[in-house]
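Taking it in order: structure first as structure tokens, then the write-up.
Each chain gets a letter, A, B and so on, in the order its sequence line appears, and its residues count up from 1.
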Amino acid sequence: MITKLDSVLLPRKKFIFHYTNMRWARGRHETYLCFVVKRRVGPDSLTFDFGHLRNRSGCHVELLFLRYLEALCPGLWGCGGTGERRLSYSITWFCSWSPCANCSVRLSQFFSRTPNLRLRIFVSRLYFCDMENSRERDGLRMLKKAGVQTTVMSYKDYFYCWQTFVDRKKSNFKPWEDLHQNSVRLARKLNRIMQPCETEDFRDAFELLGL
DNA sequence: ATTTTCAAT
């Protein structure tokens with residue numbers, strides 16, 4: 001069942017300011033995370049939960065989300081008894097920045113140890129990914145290995161977020177200038193980041209050769 | 001041409 005409380009909806013201006021995917025995102029000193037949690041309760045029955053979070057002093061929003069996980073996903077680790085069924089959840093989140101290196105490590109560890117929990121990440125902008133050798137780039141590759149797919153948000157994702165998380169007061173989503181071009185540019189960039197790097201190729205080759 | 005980044009002042 002879906003219940004929309006006004007208090008869980010993002011103000012329109014906040015959404016637009018923080019999710020605009022411009023190249024030089026000056027002043028975005030906060031990160032927003034809009035999430036949908038789906039829980040499979042039967043062969044053809046799902047429940048939904050959704051909302052948004054913002055980073056708090058000293059705590060990146062991804063780690064804040066992990067803190068709320070137990071409340072969002074009851075029964076994720078079983079209910080304490082023996083032999084009870086672990087529940088399965090899938091989470092989709094839409095973040096204004098992609099995760100930093102540290103958050104990526106933490107998320108990779110967490111999600112590779114929790115196979116009954118799936119995460120898909122959509123991001124509006126790439127955080128500190130300009131340098132070829134940035135740790136943030138490593139982090140995104142690490143997430144992929146842990147089964148967490150990261151995707152750059154496109155028009156349909158912004159549209160979905162607007163419909164789902166924003167206190168839009170029935171107004172339609174008005175895309176900003178260059179939304180599409182920026183999205184395509186960032187998607188290409190992420191694609192390049194996800195290509196296995198050369199040293200990794202060498203490592204695989206060495207492994208094949210038994211070296 | 002150059003600009004920014006889960007702040008720090």
Side-chain angles (χ1 to χ4, degrees), chain A residues 7-37 50-72 91-111 117 119-144 146 148-155 157-158 161-162 164-167 175-194 197:
Chain A
S7 60
V8 308
L9 295 176
L10 258 169
R12 287 180 287 189
K13 279 187 174 173
K14 254 186 185 152
F15 176 78
I16 295 294
F17 181 72
H18 285 284
Y19 279 86
T20 300
N21 60 358
M22 71 220 318
R23 185 192 272 270
W24 312 113
R26 181 186 288 274
R28 272 66 173 183
H29 296 299
E30 290 177 329
T31 299
Y32 282 79
L33 189 161
C34 295
F35 63 86
V36 179
V37 178
F50 75 97
H52 73 268
L53 291 172
R54 196 198 78 193
N55 65 299
R56 296 291 164 187
S57 57
C59 185
H60 281 193
V61 72
E62 293 89 342
L63 302 185
L64 200 59
F65 185 90
L66 289 186
R67 286 195 203 165
Y68 285 103
L69 201 64
E70 201 155 8
L72 285 167
I91 296 165
T92 302
W93 80 37
F94 302 86
C95 228
S96 52
W97 286 114
S98 62
C100 78
N102 181 47
C103 287
S104 289
V105 171
R106 298 278 300 270
L107 290 171
S108 301
Q109 290 173 340
F110 187 87
F111 280 88
L117 183 63
L119 174 65
R120 275 193 307 169
I121 298 180
F122 288 84
V123 300
S124 188
R125 296 178 305 267
L126 297 172
Y127 185 71
F128 281 112
C129 282
D130 284 350
M131 304 294 283
E132 200 73 40
N133 59 351
S134 84
R135 294 186 55 233
E136 274 64 29
R137 288 186 174 219
D138 292 334
L140 294 173
R141 287 188 284 260
M142 194 182 301
L143 277 170
K144 189 181 179 185
V148 179
Q149 184 62 50
T150 306
T151 309
V152 168
M153 287 173 74
S154 65
Y155 177 88
D157 305 309
Y158 293 110
C161 283
W162 183 263
T164 309
F165 305 106
V166 177
D167 184 16
W176 48 87
E177 202 183 352
D178 295 335
L179 181 156
H180 180 66
Q181 292 92 314
N182 290 335
S183 174
V184 168
R185 176 178 54 80
L186 288 165
R188 285 202 188 114
K189 185 168 174 176
L190 180 61
N191 230 320
R192 282 196 301 273
I193 291 171
M194 289 310 190
C197 56

Any donor-acceptor pair under 3.5 Å between the side chain of A/Trp24 and the base of B/dT4?
no
A/Arg188 atom CZ: more than 12 heavy-atom contacts under 6.0 Å
no
Pairwise C1' distance for B/dT4 and B/dA8, with rounding to whole Å:
16 Å
Distance below 4.0 Å between A/Asn102 side-chain N/O and B/dC6 OP1 or OP2:
no
Once you round it to whole Å, what is the distance between C1' of B/dA7 and CG of A/Asn55?
10 Å
Between NE2 of A/His52 and P of B/dC6 the distance, given in whole Å, is 18 Å
Looking across every strand, which nucleic acid part, if any, lies under 4.0 Å from A/Arg125 by heavy atom: base, sugar-phosphate, or nothing?
nothing
Write down the distance between CD (A/Glu30) and P (B/dA7), rounded to a whole number of angstrom.
9 Å
Does B/dC6 have its OP1 or OP2 closer than 4.0 Å to a side-chain nitrogen or oxygen of A/Tyr127?
yes
Would you confirm whether A/His52, through its side chain, and A/Val8, through its main-chain N or O, come within 3.5 Å as a donor-acceptor pair?
yes
Select base, sugar-phosphate, or nothing to describe what A/Ser98 touches, counting heavy atoms under 4.0 Å on all strands.
base
Below 4.5 Å, heavy atoms only, C-beta onward: do A/Met142 and A/Gln109 meet side chain to side chain?
no
Using the P atom in both, what is the distance from B/dT5 to B/dT9, to the nearest Å?
14 Å
Are any of A/His29's side-chain N or O atoms less than 4.0 Å away from OP1 or OP2 of B/dT5?
yes
A/Thr164 versus A/Phe94: any side-chain heavy-atom pair under 4.5 Å?
no
To the nearest Å, how far apart are A/Phe94 CZ and B/dC6 P?
22 Å
Walking DNA chain B from its 5' end, the first of A/Arg56 and A/Asp130 to be reached, judged by nearest nucleotide, is A/Asp130
